[in-house]
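A short worksheet on the structure shown next.
In what follows, chains are A, B, ... by sequence order, proteins preceding strands, each numbered from 1.
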Amino acid sequence: MNLERVEQIIETYGRDRMNSLPILEDIQREFNYLPRQALELVAKRLGMPQGHVYQLATFFKAFTLSPKGEHQCKVCLGTACHVKGGALILETLEKELKVKAGATTADGKFSIEGVRCLGACALAPIIVIDNQPLGQITADAAVQKIRELAAPKTAPSPAPAPAPASKPAAAVPKRGVDMSAVPPR
Amino acid sequence: MADLHRADVLVSCRHGRTPELVTALRDEIERRGLAEEIRVVETGCSGFCSVGPVITVRPEGHFYASVQPADVPELVEETLVKGRFVQRLAYKEAAGRKAITRYEDLPFYAKQMRIVLRNCGMIDPRSIDEYIAVGGYEALGKVLTSMTPDEVIAEIKKSGLRGRGGAGFHAGRKWEATRRAKGDIKYVIANGDEGDPGAFMDRALMEGDPHAIIEGMIIASYAVGSHQGYIYVRDEYPLAVENLTLAIQAAREYGLLGEDILGSGHSFDIRIVRGAGAFVCGESSALMQSLEGKVGEPRAKHVHATDRGLFDRPSCLNNVETLANVPQIILNGADWFASIGTERSKGTKAFCLVGKVRNPGLIEVPMGMTLKQIVNDIGGGPPKFRKVKAVQTGGPSGGCIPASMLDIPVDYESLTEAGSMMGSGGMIVLDDRTCMVDISRYFLEFLKEESCGKCAPCREGIKRMLEILVAMTNGTAKAGDLERLETLAKTVQTASLCGLGKSAPNPVLSTIRYFREEYEQHIKDGYCASGACRELTAYVIVDEKCKGCGLCIKVCPQEGISGEQKQPHYIDQAVCIKCGACYDVCRLDAIKIVPKAAVSLGGNGGNGHGTPAATPAKDKPGAAKGKA
Ligand SMILES: Cc1cc2nc3c(=O)[nH]c(=O)nc-3n(C[C@H](O)[C@H](O)[C@H](O)COP(=O)(O)O)c2cc1C
Ligand code: FES
């Protein structure tokens, strides 16, 4: 790993303990996790016991100690998203990717996690894939998006994402809806 | 600057496709050679999120909803070249489908009163000149040239401004305490941590009008005698950090931050510090620990932060919305501010009105407006076929106010009396498809994750409470659990160290207070009437009501519903994931929520027919008409 970059980050903030959080945040952003050697270096440069750095790295949610996948998918489980079915979306994606929330797929392609509020509650339920917010999404549409990303680049891109609440492209053809049978409520 | 252009096109919303929309607009305007005359402004959140991205064209005031990049050529041609309104892109009221063409006429805004959010969605937050053009930094000028620090404090005290971050402490008193505290070095800190899940007022403010917060901070620094300020911004808000950083740079360039501000002799500068994703760091003492580069564990409150806060020096911490009110109070006077609101809650409050309403979004209303007015008049009421059940305010420290009490005014005291609290401004509307036991469980799950673990009542108590609530929602609860839950809740409330633990039982206690029978139903009957507790729920089709329209077949993500046209359909319990899509879409009330224990599982045979006796059929009038 590139310890040089870690040195740079430390120097841009200065060797003051007060800067430990922003330094760790930038390292997390740079490497997508906090590599052990980076933590050791931060401790050394800021003159902090390694234990203290580790304490910070495990206390705050923004940090992870293991690498994340190539594509990162965050499913909002904030209150607004919860009441609109965020948990079901997360569950569906867990099934699709065959990993639990917080983990990364064996091929290193995807990580999924549940997060508490992305600050876009009016668009609930919302997920963010690779920093792209997808508001008012359905579980089906989320799966579709994941499949698009999983598809090998050479294959023709799949049909455009279906409108919310409609079937994945592979669904068997269905009879049309006979609205004449539905009296107005 | 605004007045040099023939027209301004304001584009709000930063979600999804907005950047493409802005590019498309700029390209089209350029292509037609109108770039000199027409300016495209990317504003912050205008609040009307449900119909975003929105475009407002000034000076006409034309308002367009849900605009897509493909609409741009027509929009430019009609509105900007020919001065005509594009009906196709008009906002249509959810009820009645009436088209509304002008910003001023939108019912969503008509009942609001925008003081703090007045610039959000109206100006380019990245331009200090625009902020100045709408009266920005005038209040600072007034303070520095014609008021003493004591006069500033007196004015804020007189206005009755109270903290918008949660507890509602009087801002003027806090400033006074900081001013009186001994010490040469004092700090002014703005709390932009916004940990409440389900709220984004502070985000909108930091992104959409950063200078208002900065101006408020500079005024506070003058009043309390501080030369260094910090803004603590939530980690998930990179755009807020970006806009605040630009704003601070611009303010420095204009001599509004730094040494000898506007020649007054007062010096002050601000540094931005990002949080790192911990709810408890929104709490005053934890926030200061985190600013010092330590883990955010709260301290006991026998010493006030105004005496010994950050680095053990006097510190004045205010929420960003509190601070953004300050310039307006200075400009318009304490009496003006105090004339808005109720006896003890002055001014306005920004809320994030979300959940089960037609027009979710960011709003600001005068204190004292009733919850009912907010939910119905601004929020447009619950979605079709649904009924409001409760309104949750105050986030994880707040509670749920039942539909029967929505006539109470929103002010600090009324909400606290009702078992909830003002909090930072989350307002989540819950309908009959939301389960109150599940909401309790949800908040405790959140708080269990977020408890810092320093004190035992909070760390262990929340965990035990959560275990009971999980049991209630999955059908393993025992008799006596409800009483155990209440006892635990009271212990955690009394014995916890900081506000997180002390208020953690609120969501539980308030829902028990108003929805006790719902808890009992979960324990005794293993039944969740809303269907939200999926482990307790089965959806079945009532043969007599089903007309075989096929709507449910179409929406079922599991392809778990079958049946011939115009014949009653069947739900395959073996594949059903209890998402409730069929229930929500059925117009005939033909789908019913029953306890899972009441239906037989199994392949296509167990199709969920039959009407178990355990639940009374809640027939709605007219629903059964046209029975086969
Ligand atoms: C667990 C907990 C979380 C809090 N989170 C926030 C927050 O995210 N934003 C905020 O402004 N205040 C938060 N507060 C309230 C702060 O402790 C503090 O009262 C407030 O920032 C003071 O500013 P005000 O007087 O202007 O409201 C929180 C309090 C507790 C106990
Ligand atoms: S609750 Fe999901 S974005 Fe706020």
Side-chain angles (χ1 to χ4, degrees), chain A residues 16-22 24-25 28 46 48 52 55-56 59-63 76-85 87-88 91-92 115-124 126 132-135 138-140 165-168 171-172 174-185, chain B residues 15-16 49-50 194 196-200 203 234-237 273-279 290-296 352-356 360-362 385 392 395 426 428 430 434 439 442-443 446 449 452 534 547-551 553-555 557 559 565-566 577 579 581 587-588 625-626:
Chain A
D16 182 341
R17 181 180 174 148
M18 195 181 165
N19 298 327
S20 50
L21 270 188
L24 292 181
E25 273 162 358
Q28 170 84 34
L46 300 191
M48 290 163 71
H52 284 193
Q55 199 186 10
L56 291 175
F59 183 86
F60 292 101
K61 288 235 168 49
F63 305 131
C76 182
L77 301 176
T79 319
C81 293
H82 174 76
V83 301
K84 292 208 167 172
L88 194 68
E91 235 169 73
T92 313
V115 295
R116 301 291 184 181
C117 193
L118 294 158
C121 323
L123 303 175
I126 185 165
Q132 194 201 356
L134 302 165
T138 61
D140 271 358
S166 74
K167 296 282 186 186
V172 284
K174 282 276 156 61
R175 288 189 313 266
V177 175
D178 178 7
M179 296 301 285
S180 64
V182 188
R185 183 143 158 167
Chain B
H15 296 296
C49 310
S50 54
E194 192 156 67
D196 175 358
F200 59 96
R203 168 189 184 159
R234 185 167 182 240
D235 171 57
E236 281 87 345
Y237 296 168
V273 177
R274 278 177 286 156
F279 173 66
S290 158
L291 274 180
E292 293 177 19
K294 302 178 186 152
V295 300
C352 169
L353 178 65
V354 294
K356 306 295 186 71
L362 173 72
F385 308 149
Q392 206 281 340
I428 295 130
L430 310 175
T434 329
I439 286 290
Y442 160 80
F443 277 119
F446 174 83
E449 284 167 27
C452 75
R534 284 184 276 137
K547 302 227 62 173
C549 72
L551 266 183
I553 295 185
K554 203 166 180 225
V555 299
E559 301 180 21
Q565 246 184 66
K566 304 202 179 177
I577 54 168
C579 70
R587 303 169 173 206
L588 296 169
K625 87 178 160 213

Task: Contacts of type ring pair (Phe, Tyr, Trp, His ring centres under 6.0 Å), residue B:Phe446, not counting sequence neighbours - done: B:Phe279
Task: CD on B:Glu292 to CE on A:Met18, rounded to 0.5 Å - done: 8.0 Å
- [ ] Could you check which of B:Phe443, B:Phe200, B:Tyr442 has the highest count of heavy-atom pairs closer than 4.5 Å to chain A?
- [x] B:Tyr442
- [ ] With a 4.5 angstrom heavy-atom cut-off, could you sort out which part of A:Ala87 is near chain B: side chain, backbone, both or neither?
- [x] both
- [ ] Select, from B:Gly293, B:Pro360, B:Ala276, B:Gly277, the one with the greatest count of heavy-atom pairs under 4.5 Å involving chain A.
- [x] B:Ala276
TODO: Could you tell me which portion of A:Ser20 (side chain, backbone, both or neither) has an atom closer than 4.5 angstrom to a non-hydrogen atom of chain B?
DONE: side chain
Task: Top of A:His82, A:Lys84, A:His52 for chain B proximity - count of heavy-atom pairs under 4.5 angstrom - done: A:His82
Task: Residue part contacting chain A, namely of B:Glu449, when any heavy atom lies under 4.5 Å - done: both
Task: Residues that A:Glu91 engages under side-chain contact (heavy atoms from CB on, under 4.5 Å), provided they are two or more places apart - done: A:Leu88, A:Glu94, B:Arg534
TODO: Would you name the heavy atoms of A:Phe63 and A:Leu56 that are closest together and state the gap between them?
DONE: CD1-O, 3.5 Å
TODO: Report the option among A:Val83, A:Leu134, A:Val115 that has the most heavy-atom pairs separated by less than 4.5 Å from atoms of chain B.
DONE: A:Val83
Open item on the list: Looking only at heavy atoms and a cut-off of under 4.5 Å, which of B:Ala278, B:Cys579, B:Gly296, B:Gly395 has the most pairs with chain A?
Closed with: B:Gly296
Task: Top of A:Ala122, A:Ala124, A:Gly135 for chain B proximity - count of heavy-atom pairs under 4.5 angstrom - done: A:Ala122
- [ ] Can you tell which part of B:Cys352 gets under 4.5 Å to a heavy atom of chain A, answering side chain, backbone, both or neither?
- [x] side chain
Open item on the list: Can you tell me which of A:Cys121, A:Ala139, A:Cys117 forms the most heavy-atom pairs within a distance under 4.5 Å of chain B?
Closed with: A:Cys121
- [ ] Tell me, for A:Leu46 versus chain B, whether the close heavy atoms (under 4.5 Å) come from the side chain, the backbone, both or neither.
- [x] neither
Task: Engaged part of B:Leu353 at the chain A interface, taking heavy atoms whose separation is under 4.5 Å - done: neither
Open item on the list: For the interface with chain A, which of B:Arg234, B:Glu236, B:Gln392 has the highest count of heavy-atom pairs at distances below 4.5 Å?
Closed with: B:Arg234
Task: chain A contacts, top residue of B:Leu430, B:Val354, B:Val295, B:Ile439 (heavy-atom pairs, under 4.5 Å) - done: B:Val295
Task: Option that, when pairs with chain B are counted at under 4.5 Å, heavy atom only, ranks first among A:Arg116, A:Arg17, A:Gln55, A:Met48 - done: A:Arg116
Task: Gap between atom CD1 of A:Ile126 and atom CG of A:Leu77 - 0.5 Å precision - done: 12.5 Å
TODO: Please flag which part of A:Leu21 lies under 4.5 Å from any non-hydrogen atom of chain B: side chain, backbone, both or neither.
DONE: side chain
- [ ] Give the member of B:Leu291, B:Leu362, B:Val273 that has the highest number of heavy-atom pairs under 4.5 Å with chain A.
- [x] B:Leu291
Task: Contact summary for B:Gly275 and B:Asp235, nearest pair of heavy atoms - done: O-CB, 3.2 Å
Task: B:Thr434 OG1 to B:Lys356 NZ distance, which is reported to the nearest 0.5 Å - done: 4.0 Å
